Number of protein chains: 2
Amino acid sequence: MQKVKVMIVDDHEMVRLGIKSYLLTEDGIEFLGEAKSGNEAVQLAKIYKPDVILMDLLMDDGNGFDATEKILSFHGSCKIIILTSYYDDEKVFPAIEAGAHSYLLKTASAEEVTSAIYKAAKGEAVIASKVADKMMTRFRPQERKPHEDLTTREFEVLTCLGEGMTNQEISEVLYIGIKTVKTHVSNILSKLGVADRTQAAIYANRNGILYKKE
Amino acid sequence: MQKVKVMIVDDHEMVRLGIKSYLLTEDGIEFLGEAKSGNEAVQLAKIYKPDVILMDLLMDDGNGFDATEKILSFHGSCKIIILTSYYDDEKVFPAIEAGAHSYLLKTASAEEVTSAIYKAAKGEAVIASKVADKMMTRFRPQERKPHEDLTTREFEVLTCLGEGMTNQEISEVLYIGIKTVKTHVSNILSKLGVADRTQAAIYANRNGILYKKE
DNA sequence: ACAAATTTCGGTCTGGAGACGGAGTTTGAA
DNA sequence: TTCAAACTCCGTCTCCAGACCGAAATTTGT
């Protein structure tokens, strides 16, 4: 049986070394190389044409989402396994949309990772249980995040609420009347199911509804 | 010259493997063993008496803070190097208080880690630049976090504010009058330098002032 | 033991927050 | 074209939030 050609993408040297150290002991795996950024990964993937890529998400020079999308655009048969520490909605779903094949957490054991590589080569996906939970709940529409019902304008107002602005300040920022702001705020409160602007602000902050995010 | 006796504590197997893979190639280092939790680390440290410990902070069975404190209580000459992905205030300062000797981030290269081990053995501390920044600002009293001026009761009230409670609800939770709550809230607002309870709630959430975390 | 800080509570007053109802305009989908 | 949703704004009303003032009881530190 053909060896599985594997590539590693991670900006942490010690993580790359750790994975490499046990991939090299696997007879069924051919270790192709490693990249320390998303952009580097795209270049290397063009040359190496790997079967499976272990991909981190947060990296300085080109993140894992974009890299996943680009690599699949020219090398669609590649199976990309996300291997990261995070499993919040803002990581999991964009990664899946980008075309990720499996999603593992860095808490996984060496055995789990190698097993996932072999399964990926056969077309089977492996999803960490914590990530699987999120995916299940996502497909229960009645339980999805309440702020997905918000209109774009309401979303903008909620963002302002999350910054602690008063109605007056919001009206100035968005160039609308205070009465209009009040209407939006009232609608937001009822849609989010919270009692007042303070709870709405907390909601915004805890769900990462912010101007800029790192 | 005597070899430096090193121990690893991390709950991620692949991180342990990664570190081990290059520690074993270092002639000046004697690799003693590894632990995957804080409590396990304490037990192993009693047996191995390491010179240096590479310690992760967030682990399931006994965190790195407590483990650091306990190990130093019976083996004070040990130098403990924190090696983690996080560098927020809630990690850095408790770790230093616990007696950590150095603080590295997992973005560090293999060379930086080995270098830090040798320096630690000689008594020199290594602090990651991002962490050093935080420490510098901490020692500028006029710039320290405003919520450190809060009294314990005010801190409790702020915690409630961070949960979005009304004055009425806070008074019921803390078994005090609404007027008293109002007094505390007013004092909190002026001490934090914010305009209203909403901004105070945002402050609490962004600075990790919560009942329980994670 | 004494001074200082903390915690507690009272009264009063102003302003903003939010609910409720109504209404005109625009935009996009059926 | 028609209709629903989204965005805009008006008036009114109630109530809580917060400022400001004072003050007593308790705790803390020296």
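Small disclaimer: the values here were computed from a predicted structure and weren't measured. Every chain is numbered from 1 and lettered A, B, ... according to where its sequence line falls, protein lines coming before strand lines.
The nearest whole Å value for the distance from the CD atom in B:Q199 to the C1' atom in D:dG18 is 13 Å. The separation between A:E156 atom CD and D:dC7 atom P is 8 Å, rounded to whole Å. Here the C1' atom of nucleotide D:dC7 and the NZ atom of A:K179 are 16 Å apart, to the nearest Å. Following rounding to the nearest Å, B:L174 (CG) and C:dT7 (C1') show an atom-to-atom distance of 12 Å. Counting to the nearest Å, the P atom of C:dT7 and the CD atom of B:E154 are 6 Å from each other. Between B:I170 atom CD1 and C:dT7 atom C1' the separation is 15 Å, expressed in whole Å.
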N/O-N/O pairs, protein side and nucleotides 25-30 of chain D side, under 3.5 Å:
none

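No donor-acceptor distance shorter than 3.5 angstrom exists from the side chain of A:D61 to the backbone of A:N39, with no hydrogens or angles considered.
Remark: A:K46 is positioned above the aromatic ring of A:F74, its terminal NZ or CZ atom under 6.0 angstrom from the ring centre and at most 45 degrees off the axis.
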Handout entry: Footprint string (nucleotides 17-29 of chain C, 5' to 3'): B base within contact, S backbone only, - free, heavy atoms under 4.0 Å
Key = BBS----------

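The residues A:R206 and B:E163 are annotated as salt-bridged, a charged nitrogen and a carboxylate oxygen being separated by less than 4.0 angstrom. In this structure, B:R16 pairs ionically with B:E34, as a charged nitrogen and a carboxylate oxygen lie closer than 4.0 Å.
Among the atoms of the strands shown, only primed sugar atoms or phosphate atoms (P, OP1, OP2) are found under 4.0 Å from some heavy atom of B:T151.
Listed by chain and number, the residues in a side-chain contact (heavy atoms from CB on, under 4.5 Å) with A:K91 are A:L57, A:L58, A:F65, A:Y86, A:D88, A:Y103 (sequence neighbours excluded).
For the residue pair B:E156/B:T159, the side-chain donor-acceptor check at 3.5 Å is not satisfied. A:E112 and A:S115 are not linked by any side-chain donor-acceptor pair at a separation below 3.5 angstrom, with hydrogens and angles left out of the test.
Between A:T180 and the phosphate of D:dC7, there is no side-chain N or O to OP1/OP2 separation shorter than 4.0 Å.
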